[in-house]
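Just so it is clear, the structure is predicted and the values come from calculations on it, not from any experiment. Numbered from 1 within each chain, the chains take letters A, B, ... in sequence-line order.
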Amino acid sequence: MQQFPCPFCGPRPEDEFRYAGDAGRPRPGRDASDAEWAAYLYFGRNARGAARELWIHSYGCGRWIELSRDTVSHVVDGAKPMNP
Amino acid sequence: MRLASGGEIDRGTPLAFRFDGADLEGYAGDTLASALLANDVQPLARSFKYHRPRGLLAAAHEEPNAVLDLRHGAYHDPNARATLELLAAGMELRSVHARGTAQRDALAFLDRCWRFIPAGFYYKTFMWPGWKWFEPAIRRMAGRGVVDPSYHPRAQPQRYLNADLCVIGAGAAGLAAAQAGLRRGLRVVLVEQRTRCGGTLLWRSARIDGEPAMRWVAAVERELRSGGAEVLLCTTALGLYDHGLLALSERMGDATGGARERVWQLRARQVVLASGAIERPLLFGDNDRPGVMLADSALEYLRRYAVRAGERVVVATGNDSAYAVAEALQAAGARCVLVDARADGALAAAARTQGIEVRANERVACAVGRDRVRAVRLASGATVEADLVAMAGGWTPLIHLYCHARGRPRWDAARGAMLPGDPVHGLAVAGAANGADSLQQALEQGVAAAGGAAGSTPRAEEAAFGWGGEPDIAQAFTTPRVWVDLQHDVTVKDVALAVRENFSAAEHLKRYTTLGMATDQGRTSNVNGLAVLADRTGREISTLGVTTFRPPFVPVGMAALAGADRGELQAPLRRLPAENVHRAEGAALLDYGNLLRPAWYGDRETALARECRAARTEAVVLDASSLGKIEVLGPDAAALLDFVFYTRISTLAPGRLRYGLALAESGGIFDDAVVLCVSPRHFVVSCSSGHVAAMVANLEAWREDRFDLARVFVHDATPQWATLAISGPQARRVISALELGIDLADGAFLHMSARDGVFAGVPARIARVSFTGERGYEVSVPADRCAELWGRAREAGARPLGVEALGVLRVEKGYIFVGQDTDGETMPQDIGMGQARLARQDAFVGDRSLFLPAAARAGRRQLVGVSALGEAPLAVGAHAVVRDGASERSIGFVTSSYFSILLGRPIALALIEDGAARHGETLEFEHLGARSAGRLVPPCLHDPRGERLNA
Ligand SMILES: [Zn+2]
């Protein structure tokens, strides 16, 4: 089990968090094409290696966290609030 | 036999126990294995496949044979590991795999059929007519201990710990590492699976800083304990996971009077793996016979338990470390013959001065004897009598945890061992596990691994040690039956067969032969298996690759893993504040999505009809306390709700309620809720009971994503408030008897509006809303006043209504239950709520999805009512089938179905392709092969104009 540095609560075990998708993927407006909207809904980056991810500290402060995490080595090198 | 003195055992405390019905005696400090060996119990097990007689190979976790059924008072372990479990008085041991006992096994004949049951035999032979026909009988013959289903071990909650430095193994390297860490001011945890610190120093003679090594061990242990380090004895590291998380299994003995194993979760910044190395068996004929043992283990039994495992001993070796074993056994009264594959030398000369016969340039070709070894035949043809064959085939470093951490081992040909390859972040390997060549080097590596100063390393002297190089396979092919994996009965012949059938990669060999797949993970067999594989394929061991080690390092009990998380604690039930009142009313309390709610009251047969009738003709009271009461507060509260809900909320006037849908981004209905506007800056979302947590998370998610956190706040007040829903034609009379202090006249208090009142001196909120289609009121009071409110409503004439009758009443009205009458694809227009899709231009969750081609295509499943034409209700899940060319296909399914007392016939809701346009059609519904007919109708079958809401 990984350990994530919540900016509000400090280092906490992974099972207190819920994964919430890639960071930095803005929600398209209603004028988006079908393809753009479908990409937003269904096509995550699924990065191998360095990734920016959103996690929710569901069983802690409840806040959304942006993690910089390597999906292969699982090394976490940064966490900040999504909405500071 | 047991020596008169020496060892760690307490001869003053004899312990009586039984094995396979025989009364035996051991001493405090014995393991089950040492006590059995002292009583000369051989064989004590039968092998997995051939039911061969088996004895002890080893003295610790690497032991493949000695798995026993252990009963002790109320305690039962069907797979107790005899080398790890400590003996206690009154233990009842049984051999597990034999039909009968280990000494008399009715299945022993299987061994005579060995030629006909090689590796892969079962899969090749029992293919026709199907493996499943043979599997039960074969499984009964195989396998180990039998679980007693009536036995429920005591719960032992898991423990959690944090450390700066965790050291695995309290041998020389581990103690040096722990000491160095402590002296650097680190919080240190030292994990040792034996009962004492010392590792091999417990049985191998050495001196550290000029004193017997065990004095140094005791001094370091004292320093650690007094310095605040945690020393966990009898504890095995099961696995190393991400970010320094270790799972540990602590064997607690009898101290707790029941649960004997406890799992720890330990998070360490730095891990030092000092788990040592175990000895490797030699490959020769019938090398699995009882009495064939690892030399190092024979020495551990001798030194720690004062058990001399044989009187006439052959020590077979190709390296230096066996000489100390032969000398110790000789000194303890045995007669030793050393068989060394190497040329004569100085060590041999020294051994001869002890009276040991040394045969250089010689190997053991095979063991002689059946239920126990009687002699060995040597490669030269000579026979030597022996009741103990001590094998020293080289060493296998225990690097499992390095592999758990995704380290890649490399083959070290000089040492004949897999050693850690590239370093792994946060993990250092030290001592024999890291290929240390001497005690001195082990100490140095330990100090360095913990970041200690090199100058602080103590000075060590020891007897000769040798790694031994690559496995000696000179005698692996000279006799037909040479064991590689004792626990899974895999022989050299099986490996050769696998290669002939082209399963010649290490991973394929493992799967074809099951080599290394037993509970010991092949720790005494993998390297020998690779050596045979390399020989048969003409390749180097270094090119064969390695199989992956996975946790747990040793078997762990499911009960220990579960810890306290069992029974109701595994998934704690939520309970209503007035549960005791419902019990007193005769309620049947059932689990609805982890929430215990009254399903019906009184007699089950008549309850449904009685409760439905009361709801339509009198007044009923339903405990709806679990309905969501999510407060959304702040100047942006309406904006957040407008975004999260498909139904516009911001246009609600204070004091009014609105039924609304919330969608997922895919456009599917996420939940429905009744939203109350208390004021323009204060709303209350009342969503369905099972969706409260998800609705709160959804509101929070979008709040965090798009809103100024200082301008809107979400607070879940669901548990603080109890809610009773009172409905029926007589509901207003009941409400007025509650004296809530509000004007109940219909002109003053409209349907879908709310008022604040007072109930018995505490604040109450009263909402006019209906789940049944009749006039309805929901009264919310502080949770601790629920029982009182219930009592007053009952006195005023309301009858209790359970969840099951509520189901009938809502289906009569066509009210959906999100998640039951909808699925992830159901959009608002599919349940007749498509208006807002076209009316709203602003952004809301799921907005764009409602205009994808999929949202407009023909053939979407839509909500309909079904009037069943038969006597019985349709089955929930029954499919509507239609002809489609030559075949039939499903066009939808029943989602809710009941017998309606009110209508006198079975009714249902269903999701049917283009259902809204098919009202009046009769369809065939199929469930489990049976068919019945139903006519599609509008979902609402009772009072479609809603006149009864004000009746
Ligand atoms: Zn947090």
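Counting only heavy atoms from C-beta outward, the side chains of B:Val685 and B:Phe645 approach each other to under 4.5 Å. Side-chain contact between B:Val692 and B:Cys687 is present, with at least one heavy-atom pair separated by less than 4.5 Å. Looking only at side-chain heavy atoms (C-beta outward), A:Phe8 and A:His57 stay at 4.5 Å or farther from each other.
Of the listed residues (B:Ala701, B:Ala843, B:Pro853), the one with the most heavy-atom contacts under 4.5 Å to chain A is B:Ala701. Ranked by non-hydrogen atom pairs under 4.5 Å with chain A, the options B:Arg703, B:Gln841, B:Arg267, B:Gln265 are led by B:Arg267.
For a residue to count as touching a neighbouring chain, one of its non-hydrogen atoms must lie under 4.5 Å from one of that chain's; by this rule A:Arg63 touches chain B with backbone and side chain alike. Interface remark: A:Pro13 contributes backbone and side-chain atoms alike to the contact with chain B (heavy atom separation under 4.5 Å). Using a 4.5 Å cut-off between heavy atoms, A:Ser58 does not touch chain B at all. Using a 4.5 Å cut-off between heavy atoms, A:Ile56 does not touch chain B at all. Heavy atoms closer than 4.5 Å to chain A are found in both the backbone and the side chain of B:Asp705. For chain B, the nearby part of A:Trp37 is the side chain; its heavy atoms alone come within less than 4.5 Å. Both the backbone and the side chain of B:Phe844 come within contact range of chain A, judged by heavy atoms closer than 4.5 Å.
Under 4.0 Å is where a charged nitrogen must lie from a carboxylate oxygen, and between B:Arg848 and A:Asp31 no such pair does. Taking 4.0 Å as the cut-off between side-chain N and carboxylate O, B:Asp847 and A:Arg27 count as a salt-bridged pair.
The cationic atom of A:Arg25 (NZ for Lys, CZ for Arg) does not lie both less than 6.0 Å from the six-membered ring centre of A:Tyr40 and within 45° of the ring axis.
For B:Arg840, the CZ atom sits in a packed shell: over 12 heavy atoms of surrounding residues, nucleotides or ligands are nearer than 6.0 Å.
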